[in-house]
Amino acid sequence: MSEVRVRFAPSPTGFFHIGSARTALFNWLYARHMDGTFVLRVEDTDAARNTAEALDVLLKGMRWLGIDWDEGPEIGGDYGPYFQSQRGDIYREYLARLETVGRTYEQEGAVYFRLEGERYTEFDTYHDKEVEKVRAEPVEIEDAIRGKVVRAESRDFVIFRSDGSPTFHFVNVVDDICMKITHVIRGEDHLSNTSKHVELFHAFGVEAPVFAHLPLILKDPKTGKGKMSKRDRGSLIEEYQERHFLSGAVRNALALLGWNPGGDREIMDIGDIIEAFDIRDIQKGAARFDEAKMSHINFQYLKALPVETYSWFARPVLTGEGLIGEDHDEDHLQRVLALCQDKITSLEELPAFCAYFFTDDYEENEKAAKKLLKKGNPPELAAQVRVALADTPEASWDVASLEEAFGALARQHGEEKPFRWWPLTRFAVSGTSSGPDFLPMLEALGRDTVLRRLQRFEVAHSA
RNA sequence: GUCCCGUUCGUCUAGCCAGGCCUAGGACACCGGGUUUUCAUCCCGGCGACAGGGGUUCAAAUCCCCUACGGGAUGCCA
C-alpha cells in the first residue's frame with residue numbers, strides 16, 4: 001500500500017451524474033494504479049436534499065460501475081466519520097484553530113476567513129456595489145494536469161454560515177487534512193476556488209495536496225451551452241443501468257472521456273486500464289459526450305461475451321418484458337441468443353429483436369409486409385414451403401435438413417436456388433424482413449412453430 | 001466587468017512537455033462499394049482538423065506573444 005490517498009466527495013442529490021461518475025472513476029483508477037487508498041466521503045451537509053434514497057442511488061451506481069472504496073460508508077475506516085453531517089465537532093475544532101491564529105472574524109452572524117494583505121475598497125461591477133478587497137499574495141496551485149496555476153483571492157469568504165453550519169470550502173479542506181488526502185482529483189469547475197482552499201491549507205499550517213482538475217464534460221451544442229447537466233439525455237448513470245448497458249462498457253467509455261493510454265487502444269479490460277492509467281495522460285480541454293461511441297463500445301463488449309454470460313445478462317431483460325418466464329429452458333435461451341448476440345448493439349434492443357422466438361403474439365413490420373405482399377402470390381408460396389418442410393421430422397429439424405428441404409423445393413419448381421421462398425418464409429415466421437441468419441433461425445424456432453406460423457400466414461393473407 | 005483554464009477531423013482523441021520521422025495517425029458517426037437469404041454484423045474505400053495573426057528557428061501542430069472563440073469562477077450552493 002502506497003502513501004497515495006485520494007477521495008471522491010459527492011453530494012447525494014438523487015442523481016449520479018456522468019461527470020461525477022468519471023471523477024469517481026479517475027480517483028479510483030489512480031488509487032488502484034498507485035496501490036493507494038480510495039476514500040468515499042459523503043458531503044451531505046444539505047439536509048433537505050440528502051435523503052437515504054439519494055445516497056442509495058450513488059452507492060448503487062458506484063457498485064454497478066465496479067468502483068469500490070477502501071474507506072467510507074458501510075465499511076468505515078481509520079479517518080471517519082465519512083459523512084460530513086457527522087463531523088460537526090471536528091469542524092468546530094478546526095474553526096477554533098483558525099480563531100486562535102486570528103484568521104477569522106464575525107459579520108452579520110457569519111464567520112469569515114481573513115485574508116492577509118493590504119485592504120482597500122473598490123466598486124465591483126459584478127456585485128454592482130462598493131466592496132472591500134485584499135491584495136493577498138497569489139497562491140500557487142500545483143496541478144498535475146495543468147502545471148502550476150497562480151491565482152490570488154481578493155475577498156474574505158464565509159467559512160461558517162450564520163446558522164452555524166460550515167461551508168463547502170471549509171469542510172472540504174478540513175476533511176482533506178483529516179483524511180490525509182494526497183491528491184485531489186476533481187472537476188475543473190473547482191479550479192478557480194482552489195486558491196481559497198490553498199489559503200485555508202496554509203492557514204492551518206499544512207501543505208496543500210497535489211491537485212488534478214479534470215476537464216469538464218460539455219453539453220452537446222445542439223441542446224445548449226455549458227456543462228452537461230442532469231437534464232441532458234445520457235447524462236445519468238442510472239439511465240445506462242436501466243437501459244441494460246454493460247457496466248464494464250460504460251466504465252470503459254467513461255475512462256476514455258478525457259483520458260487515453262496513448263496509441264490506438266480503446267477497448268480495454270479494467271486491469272489494463274488500471275495499469276495504463278496516468279494523470280499525465282489526462283486531456284486539458286473539455287469533452288463532449290458521444291452516446292454513439294458508448295454504444296459502439298457496449299457492442300464490442302457484448303460480442304466478446306461467452307454465450308453463457310450473455311444469457312446471464314439477457315435473461316432478466318427478457319423476463320422483465322414478460323417474454324420468457326423465470327424458469328425458461330437455458331439451452332433453448334442460449335440457442336436463440338447465440339443468433340442475436342452479434343446482431344444487435346445493445347441489450348435494450350433485444351426484446352424487440354427476438355420476441356418471436358418466444359411468443360406467437362409479436363408485432364409485424366408494416367413496411368416489410370407491404371414490400372413482400374405486393375408481388376407474387378404469398379399465401380401460395382407459404383403453402384409450398386409448409387408442404388416442403390412438413391416432410392422433415394421433428395427429430396432431424398436442423399440446418400442441414402432444412403437446406404435440403406428447400407433445395408428440393410427449388411428443384412421441384414425448376415429453380416437452382418430456393419431464395420425465392422426465403423424472404424417470405426422469414427416474414428411469415430417472424431413478422432420482419434431482417435433478423436438472424438435464416439436457416440439457424442428456423443432451426444431454433446422449431447418445427448411446430450414454423451409450420452403453424454406458415455399456416456397462419458396463409459389463412460391471414462388468402463383473399 | 002475581473003480572474004483562472006482551455007482550443008487538432010462533426011465527436012472522442014494520437015502527436016505537443018524533450019521542434020524535423022506529420023503530404024497530421026486511430027476510433028465513432030456519416031457517405032460509397034463489397035460479402036450476404038435478410039440484416040443492425042463483417043470487409044474495403046471515401047469524406048474530414050492543427051482557431052486566426054505575428055514572432056523565434058535552417059525547420060513549428062509542437063516554443064513565445066497577441067487576438068478571437070469556448071468554458072469555469074466570482075454564493076451565508078456544492
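Below, chain A is the first sequence line, B the second, and so on; all start at residue 1. Please read these numbers as outputs of a predicted model, since none were measured by experiment.
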Taking only side-chain nitrogens and oxygens of A:His127, does any of them come within less than 4.0 Å of OP1 or OP2 of B:G75? yes
Between C1' of B:U13 and CZ of A:Arg265, the distance in whole Å: 15 Å
C1' gap between B:G48 and B:U13, integer Å: 14 Å
Between A:His33 and A:Trp28, is the gap from one ring center to the other below 6.0 Å? no
Is any side-chain N or O of A:Lys343 under 3.5 Å from a base N or O of B:A40, one able to act as donor and the other as acceptor? no
Using a heavy-atom cut-off of under 4.0 Å over every strand shown, decide if A:Phe419 touches base, sugar-phosphate, or nothing. sugar-phosphate
Using heavy-atom distances to pick each residue's nearest nucleotide on RNA chain B, tell me which of A:Gln283 and A:Asp290 is more 5'. A:Asp290
So does A:Asn260 get a side-chain nitrogen or oxygen closer than 4.0 Å to the phosphate oxygens (OP1/OP2) of B:A14? yes
Strand partner of B:U41, provided both Watson-Crick or wobble distances fall under 3.5 Å: none
Mind checking who B:U2 pairs with, Watson-Crick or G-U wobble, both distances under 3.5 Å? B:A73
The single option from A:Tyr105, A:Phe170, A:Phe160 that satisfies ring pair (Phe, Tyr, Trp, His ring centres under 6.0 Å) with A:Tyr112 is A:Tyr105
Distance in angstrom units between A:His296 NE2 and B:U41 P, rounded: 11 Å
My understanding is that a pair needs two contacts under 3.5 Å, Watson-Crick or G-U wobble. By that rule, which nucleotide pairs with B:U7? B:A68
On RNA chain B, compare the nucleotides closest to A:Glu108 and A:Lys227; which residue's is nearer the 5' end? A:Lys227
In whole angstrom, give me the gap between the C1' atoms of B:C69 and B:C50. 16 Å
Does a distance-only test, which skips hydrogens and angles, find a donor-acceptor pair under 3.5 Å between the side chain of A:Thr167 and the base of B:C76? no
Complementary nucleotide of B:A60, counting Watson-Crick and G-U pairs under 3.5 Å: none
Whole-angstrom distance between B:C42 and B:A29, as gauged at atom P: 9 Å
Check the distance between B:U13's C1' and A:Ile217's CD1 and give it to me in whole angstrom. 15 Å
Would you please indicate if the ring centroids of A:Trp422 and A:Phe438 are separated by under 6.0 Å? yes
I want to check one thing: is the phosphate of B:C16, taken as OP1 and OP2, less than 4.0 Å away from some side-chain N or O of A:Lys284? no
Is A:Asn193 side chain donor-acceptor paired with the B:A78 base, going by distance under 3.5 Å alone? yes
For a quick test of reading the model, state the closest non-hydrogen atom pair linking A:Tyr79 to A:Arg87 and the distance between them. O-NH1, 3.5 Å
Any residue in residues 140-152 of chain A with a heavy atom nearer than 4.0 angstrom to RNA chain B? Just list them by number, or reply none. A:Arg146, A:Val149, A:Val150, A:Arg151
For the P atoms, the ones on B:C22 and on B:A61, what distance do you get once it is rounded to whole angstrom? 13 Å
Name the nucleic acid region contacted by A:Ile344, choosing base, sugar-phosphate or nothing; use a 4.0 angstrom heavy-atom cut-off, strictly under. nothing
Between B:G72 and B:C30 - C1' atom distance, rounded Å: 33 Å
Name the nucleic acid region contacted by A:Gly285, choosing base, sugar-phosphate or nothing; use a 4.0 angstrom heavy-atom cut-off, strictly under. sugar-phosphate
Stacking check A:Phe160 vs B:C76 (5.5 Å / 30 deg): no
Could you measure between the two C1' atoms, the one in B:A27 and the one in B:C65, and give it in whole Å? 35 Å
Is the closest side-chain heavy-atom distance between A:Arg41 and A:Asp176 below 4.5 Å? yes
Go ahead and name the base partner of B:U35; Watson-Crick or wobble counts if both distances stay under 3.5 Å, otherwise write none. none
Go through the structure and list residues passing salt bridge (Lys or Arg N to Asp or Glu O under 4.0 Å) with A:Arg447, not counting sequence neighbours. none
Gap in Å between the two C1' atoms, one belonging to B:G46 and one to B:A51, rounded: 26 Å
Between B:C17 and B:C63, how many Å separate the two P atoms, rounded to a whole number? 5 Å
Any strand: nucleotide that pairs with B:C30 via Watson-Crick or wobble, under 3.5 Å: B:G46
From the list B:U11, B:A27, B:U41, which nucleotide is the closest neighbour of the side chain of A:Arg288? B:U11
